[in-house]
2 protein chains.
Amino acid sequence: MAIPFDVLAEPSRRQILDLLLERPRLVGELTEHLGLTQPGTSKHLRVLREAGLVRVRRDAQRRWYELCPEPLAEVDAWLAPYRRLWTDRLDALERHLDTMPESLDATGEPDVADVPDVADVPDVPDVPDVPDGEAR
Amino acid sequence: MAIPFDVLAEPSRRQILDLLLERPRLVGELTEHLGLTQPGTSKHLRVLREAGLVRVRRDAQRRWYELCPEPLAEVDAWLAPYRRLWTDRLDALERHLDTMPESLDATGEPDVADVPDVADVPDVPDVPDVPDGEAR
DNA sequence: AAGGTTCATGCTCTTGCGGTTATATAGCCG
DNA sequence: CGGCTATATAACCGCAAGAGCATGAACCTT
């Protein structure tokens with residue numbers, strides 16, 4: 001089964017999942033929160049259903065949509081090998097701050113530039129970053 | 001900063017990240033692996049760059065692209081509240097299997113249907129699942 | 001039976017995205 | 001300098017995705 005990144009790429013669909021994280025909901029309820037039309041909501045729900053991210057229970061004319069988190073495990077699995085990269089960096093930052101507690105950064109933002117590179121570029125004459133395409 | 005799900009939705013871009021997970025690479029190298037044209041690769045790299053997922057170092061005419069995993073932390077953060085849901089289910093499965101080791105499932109696949117529902121639908125007369133839209 | 005809810009589906013329109021081709025830019029080497 | 005290499009950008013195209021509207025289907029209520 002393909003990783004459902006494309007399904008999650010849609011903000012409304014992520015919002016639906018977030019809402020279903022609290023509790024199961026009716027289509028009308030979701031529609032109200034999303035601020036789009038009911039057919040629009042239904043369409044997103046269909047995509048989520050086919051991706052196995054939600055389940056439906058019928059109750060007369062109503063449909064209770066509930067979360068089905070299993071496919072998200074695949075996203076988590078894809079993320080796994082990357083996770084250690086930024087935790088490594090954060091660890092390095094912590095060690096750094098631990099070594100020199102006089103460091104004057106008030107922000108909690110990890111100052112990546114301060115941390116020794118995890119993956120080193122093979123013997124490239126360390127040229128400053130390319131401003132190149134950045135300025136569009 | 002918005003969660004870069006839309007950037008990750010593209011298979012080629014995920015593949016690029018996977019390749020950069022090993023080591024920094026040149027555009028040509030990536031192009032070869034991806035099986036698309038060089039401009040196509042450059043375009044994806046631009047998107048990844050603007051999302052802060054990769055960095056560039058220039059080396060004469062060459063460009064070494066390297067991974068920049070920090071934005072993935074946001075994905076991880078979004079995933080966090082969901083993670084406990086499926087781990088809960090797996091835990092329940094483990095406890096289940098622990099209780100009755102005579103269980104005859106040979107597969108390692110978690111048989112979710114066996115696990116008691118985590119979130120229960122509020123007093124809906126438990127009607128069987130809707131085959132409804134599924135059959136297209 | 002009639003009318004009102006609640007939701008799904010079909011259609012159309014528009015936009016954006018991914019892909020390719022052609023071209024521009026930058027730097028190397030002979 | 002001239003040509004070659006490596007990459008970015010521009011212009012264009014086709015298609016699929018998302019949004020809205022109108023309609024259909026299922027079910028309740030009276």
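Here is how names work: the chains are called A, B, and so on, in the same order as the sequence lines, proteins then strands, and each is numbered from 1. Here the structure is a predicted model, which means the values were calculated and not measured.
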query: Who pairs with B:E74 by side chain to side chain donor-acceptor pair (under 3.5 Å), at least two apart in sequence or on another chain?
result: none
[X] [atom1] - [N] [atom2] separation (whole Å):
X: B:L34; N: C:dG18; atom1: CG; atom2: C1'; result: 13 Å
X: B:R58; N: D:dA8; atom1: CZ; atom2: P; result: 10 Å
X: A:I16; N: C:dC7; atom1: CD1; atom2: C1'; result: 14 Å
X: B:D6; N: C:dC17; atom1: CG; atom2: P; result: 8 Å
X: B:E50; N: D:dT9; atom1: CD; atom2: C1'; result: 13 Å
X: A:D59; N: D:dC27; atom1: CG; atom2: P; result: 11 Å
X: A:Q15; N: D:dA19; atom1: CD; atom2: P; result: 11 Å
X: B:K43; N: C:dG19; atom1: NZ; atom2: C1'; result: 7 Å

task: Assign each of B:H44 and A:Y65 to its nearest nucleotide of DNA chain C by heavy atoms, then name whichever residue's nucleotide is nearer the 5' end.
output: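 It is A:Y65, whose closest nucleotide lies nearer the 5' terminus.
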message: Counting the atoms with a prime plus P, OP1 and OP2 as sugar-phosphate, which does A:G40 contact under 4.0 Å by heavy atoms, base, sugar-phosphate, or nothing?
response: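 Touches nothing.
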- request: Look at all strands and tell whether B:L45 reaches a base, only sugar-phosphate, or nothing, counting heavy atoms closer than 4.0 Å.
  value: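 No contact.
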task: Between A:Q61 and A:L36, just flag the one whose closest nucleotide in DNA chain D comes earlier from the 5' side.
output: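 Closer to the 5' end of DNA chain D: A:L36.
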field: Closest-nucleotide ordering on DNA chain D, the 5'-leading residue of A:V47 and A:A60
entry: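 Taking each residue's closest nucleotide, the earlier one in sequence belongs to A:V47.
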- request: Before accepting this row, confirm whether a basic side-chain N of the pair A:R23/A:E29 lies closer than 4.0 Å to the acidic partner's carboxylate O.
  value: yes
- prompt: Could B:D18 and B:R13 be called an ion pair, given the rule that one side-chain N must be under 4.0 Å from one carboxylate O?
  reply: no
message: For B:F5 and A:F5, take the angle between the two ring planes, folded into 0 to 90°, and tell me which bin it lands in: parallel under 30, tilted 30 to 60, perpendicular over 60.
response: tilted
Presence of [X] side-chain N/O under 4.0 Å of [N] phosphate oxygens OP1/OP2:
X: A:T37; N: D:dG20; value: yes
X: A:R13; N: D:dG18; value: yes
X: B:R63; N: D:dA6; value: no
X: A:R62; N: D:dC27; value: no

query: Checking A:R63 side chain against A:R58 main chain: does a donor-acceptor pair fall under 3.5 Å?
result: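 Answer holds: no.
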query: Do A:Q38 and C:dA8 share a donor-acceptor pair, side chain to base, under 3.5 Å?
result: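 When only heavy-atom distances are counted, A:Q38 does reach the base of C:dA8 through a donor-acceptor pair under 3.5 Å.
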